[in-house]
Amino acid sequence: MAQIGIMIEGQEGLNWERWRKLCTDVEALGFASLRRSDHLISLMGPSTGNRDCIDCWTSLALAAEWTSRIEFGPMVTPVTFKHAPILAREAAAVDVLSGGRLILGLGAGWNQPEHDLFQLDLPATQGERFRRLEDAIEEIGHAWEISHPQPVREGRVPLLIGGKGVKRTVPLAARHAAEWNVSTLTSPEDYREAARIVDGACREAGRDPASLKRSVMGTVLTGRDAGEIRDRAPALAEIVPRLREFAPEEVASKVPFGGTPEEIAAKMRPYIEAGVELFMFQHFLLDDTDHLRVIAEELAPQLA
């Protein structure tokens with residue numbers, strides 16, 4: 001059965017009180033995973049104001065203490081934010097603290113404004129960024145060999161790599177990742193083609209394609225009926241400016257996983273048939289625990 005996890009865009013208003021409650025609620029409601037972005041400022045443009053954006057790795061250390069069962073981690077930490085061996089030590093510490101429940105999502109970095117604001121170097125070309133990511137993966141692995149304490153699972157933390165880029169991303173995931181994630185969903189057919197390419201890259205790397213976990217990520221908006229969905233839509237549009245041009249009854253159709261639980265389950269099934277094992281739902285309504293409850297109690301059972 002495919003699993004459901006919750007993904008929090010931490011730069012869009014996350015504070016410590018909300019994070020503690022999300023950790024508690026996501027675990028209590030039976031979700032498989034809790035992940036959060038690693039950004040330094042809101043990504044929604046100047047109209048968003050000064051939204052809270054708590055430090056990712058401090059929050060992950062707290063998640064290790066505030067949960068006892070679920071997997072959790074960054075989705076993803078840009079290797080431009082931290083010296084790779086130091087990031088490796090932080091990840092090892094959080095993994096040990098959690099008893100081996102961390103997944104380490106890594107990315108090349110992309111958002112120029114946050115790099116400029118915090119005086120971080122972002123390589124000028126995508127090729128340079130991916131070379132840095134490849135180097136960082138090697139450096140992180142080496143750091144785990146010499147650091148103490150070491151990560152719980154055979155001295156390593158499982159890696160997550162996201163994206164569909166054929167030249168760099170897919171081969172990197174095939175060689176190094178425990179999980180491959182796609183966040184730009186167009187259609188189940190496009191996903192199936194991307195998965196076929198990943199399978200080939202795994203075989204080329206001498207790896208069984210079945211050993212690479214498959215996940216997708218997308219925004220969710222649901223409710224027990226059309227009225228609940230319509231009522232939630234303005235709150236989502238307030239957070240995500242691109243949705244403000246639509247009427248409340250239209251918003252659900254403008255996000256990847258919008259609709260009633262039955263409608264969302266119908267959208268998910270073709271992806272499950274294409275091999276998706278985990279759906280990471282972007283939950284923007286940080287104070288709406290009932291939204292999580294609908295997903296857990298009304299939607300998840302339909303995937304059994």
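Bear in mind the structure is a predicted one, so any value in this text is a computation, not a measurement.
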Inset, instruction - Would you kindly confirm whether L243 and L286 end up in one hydrophobic cluster when ILVMFWY residues are joined by side chain heavy atoms under 4.5 Å apart? - result: no

Inset, instruction - Output the distance between atom CD (Q150) and atom NE2 (H148), rounded to the nearest 0.5 Å. - result: 5.0 Å

Inset, instruction - Report yes if the side chains of W19 and T58 come closer than 4.5 Å at any heavy-atom pair, otherwise no. - result: no

Legend entry - Test: D38 and K82 ion pair at under 4.0 Å: no

Legend entry - Separation between CD of E9 and CD1 of I239, rounded to the nearest 0.5 Å: 10.5 Å

Legend entry - Residue pairs fulfilling salt bridge (Lys or Arg N to Asp or Glu O under 4.0 Å) with at least one residue in residues 163-174, sequence neighbours excluded: E134-R168

Legend entry - Expected output: side-chain R207 to main-chain A174 donor-acceptor under 3.5 Å: yes

Inset, instruction - Report the hydrophobic cluster partners of V96, with the cluster defined as I, L, V, M, F, W, Y residues connected by side-chain heavy atoms closer than 4.5 angstrom, directly or transitively. - result: V152

Legend entry - Residues R51, E12: salt bridge by 4.0 Å N-O rule: yes

Legend entry - Point-to-point distance, once rounded to the nearest 0.5 Å, from CD1 of I140 to NE2 of H83: 10.5 Å

Inset, instruction - Could you check if a side-chain atom of L104 sits within less than 4.5 angstrom of a side-chain atom of P74, using non-hydrogen atoms only? - result: yes

Inset, instruction - Would you please name every residue forming a side chain to side chain contact (heavy atoms under 4.5 Å, CB included) with D25, sequence neighbours left out? - result: K21, T289, L292

Inset, instruction - Answer whether the closest heavy-atom distance between the side chains of V26 and I8 falls below 4.5 Å. - result: no

Legend entry - Residue pair V157, V94: steps toward the side-chain contact (heavy atoms from CB on, under 4.5 Å) verdict: CA-CA 10 Å; V157 178; V94 172; over 6 Å; no

Inset, instruction - Could you tell me whether a side-chain N or O of R20 sits under 3.5 Å from a main-chain N or O of W66, the two making a donor and an acceptor? - result: no

Legend entry - Same apolar cluster (I L V M F W Y, side chains within < 4.5 Å links), L60/L40: no

Legend entry - Atom CD of E250 with >12 non-hydrogen neighbours under 6.0 angstrom: yes

Inset, instruction - Give, for atom CD of Q11 and atom CD of E114, the distance between the pair rounded to the nearest 0.5 Å. - result: 8.0 Å

Legend entry - I41 vs C53 side-chain heavy atoms within contact, under 4.5 Å: no

Legend entry - Straight-line distance of I4 CD1 to L299 CG, nearest 0.5 Å: 4.5 Å

Legend entry - Over all atoms of both residues, closest heavy-atom pair of A61 and L97: O-CD2, 3.5 Å

Inset, instruction - Might you work through the side-chain contact (heavy atoms from CB on, under 4.5 Å) test for D135 and E138, ending with a clear yes or no? - result: CA-CA 5 Å; D135 290 344; E138 296 295 334; 5.8 Å; no

Legend entry - Residue pairs, two or more places apart or on separate chains, that pass salt bridge (Lys or Arg N to Asp or Glu O under 4.0 Å) and touch residues 148-163: D95-R153

Inset, instruction - Look at the side-chain heavy atoms of Ile, Leu, Val, Met, Phe, Trp and Tyr, link any pair under 4.5 Å apart, and say whether L120 and L122 land in one connected group. - result: no

Legend entry - Over all atoms of both residues, closest heavy-atom pair of P301 and A296: CD-O, 3.4 Å

Inset, instruction - Could you note down all residue pairs passing salt bridge (Lys or Arg N to Asp or Glu O under 4.0 Å) where residues 183-199 supplies at least one of them, sequence neighbours left out? - result: E193-R196, D199-R214

Inset, instruction - List, by chain and number, the other hydrophobic cluster members for M280, where Ile, Leu, Val, Met, Phe, Trp and Tyr join if side-chain heavy atoms come within less than 4.5 Å, directly or indirectly. - result: M7, M75, V76, I103, L160, M217, L278

Legend entry - Any donor-acceptor N/O pair, T222 side chain to G259 backbone, under 3.5 Å: yes

Inset, instruction - Kindly indicate whether the side chain of I54, heavy atoms from C-beta on, has any atom under 4.5 Å from the side chain of R36. - result: yes

Inset, instruction - Applying side-chain contact (heavy atoms from CB on, under 4.5 Å), run through E145 and H142 and close with a yes or a no. - result: CA-CA 5 Å; E145 293 174 2; H142 177 66; 3.8 Å; yes

Inset, instruction - Inspect the surroundings of CD in E128 and state if more than 12 heavy atoms from other residues, nucleotides or ligands are less than 6.0 Å away. - result: yes

Legend entry - K254 side, atom NZ; F246 side, atom CZ - distance, nearest 0.5 Å: 4.5 Å

Inset, instruction - Look at the side-chain heavy atoms of Ile, Leu, Val, Met, Phe, Trp and Tyr, link any pair under 4.5 Å apart, and say whether Y271 and I264 land in one connected group. - result: yes

Legend entry - Shortest non-hydrogen contact between A2 and V276, atoms and distance: CB-O, 4.1 Å

Legend entry - Side-chain donor or acceptor of R224 paired with backbone N/O of V294 under 3.5 Å: no

Inset, instruction - Kindly give the heavy-atom pair with the smallest separation between G109 and P78, and that separation in Å. - result: CA-CB, 3.8 Å

Legend entry - Within-4.5 Å side-chain heavy-atom neighbours: P123 and T80: yes

Inset, instruction - Mind checking ring-ring contact (aromatic ring centres under 6.0 Å, His included) for F31 and listing every partner two or more places apart, or none if nothing turns up? - result: none

Legend entry - Pairs touching residues 99-110 that satisfy side-chain hydrogen bond (donor to acceptor under 3.5 Å, both in side chains), sequence neighbours left out: T67-R101

Inset, instruction - Evaluate the side-chain proximity of D52 to L14: yes if any heavy-atom separation is below 4.5 Å, no if none is. - result: no

Legend entry - Minimum heavy-atom distance A88-W144, with the two atoms named: O-NE1, 2.9 Å

Inset, instruction - Could you name each residue pair satisfying salt bridge (Lys or Arg N to Asp or Glu O under 4.0 Å) that touches residues 259-277, not counting sequence neighbours? - result: none

Inset, instruction - Please name all residues satisfying ring-ring contact (aromatic ring centres under 6.0 Å, His included) with F81, sequence neighbours left out, ordered by chain then number. - result: H115

Legend entry - Pairs meeting criterion ring-ring contact (aromatic ring centres under 6.0 Å, His included) with involvement of residues 163-182, two or more places apart: W180-Y191

Inset, instruction - Grab the two heavy atoms, one from G10 and one from S37, that are nearest each other, plus how far apart they are. - result: N-OG, 2.9 Å

Inset, instruction - Side-chain contact test, heavy atoms from C-beta onward, threshold under 4.5 Å: evaluate it for V255 versus L236 and give yes or no. - result: yes

Legend entry - R35 side chain to G73 backbone, donor-acceptor under 3.5 Å: no

Inset, instruction - Could you state whether L159 and I86 fall into the same hydrophobic cluster, counting links through intermediate Ile, Leu, Val, Met, Phe, Trp or Tyr residues with side-chain heavy atoms under 4.5 angstrom apart? - result: no

Legend entry - Within residues 279-304 or reaching into it, pairs that qualify as ring-ring contact (aromatic ring centres under 6.0 Å, His included) - sequence neighbours excluded: F257-F279, F257-F281, H283-H291

Legend entry - Side chains of E27 and S68, donor plus acceptor under 3.5 Å: yes

Legend entry - Main-chain N/O of R293 paired with D290 side-chain donor or acceptor, under 3.5 Å: no

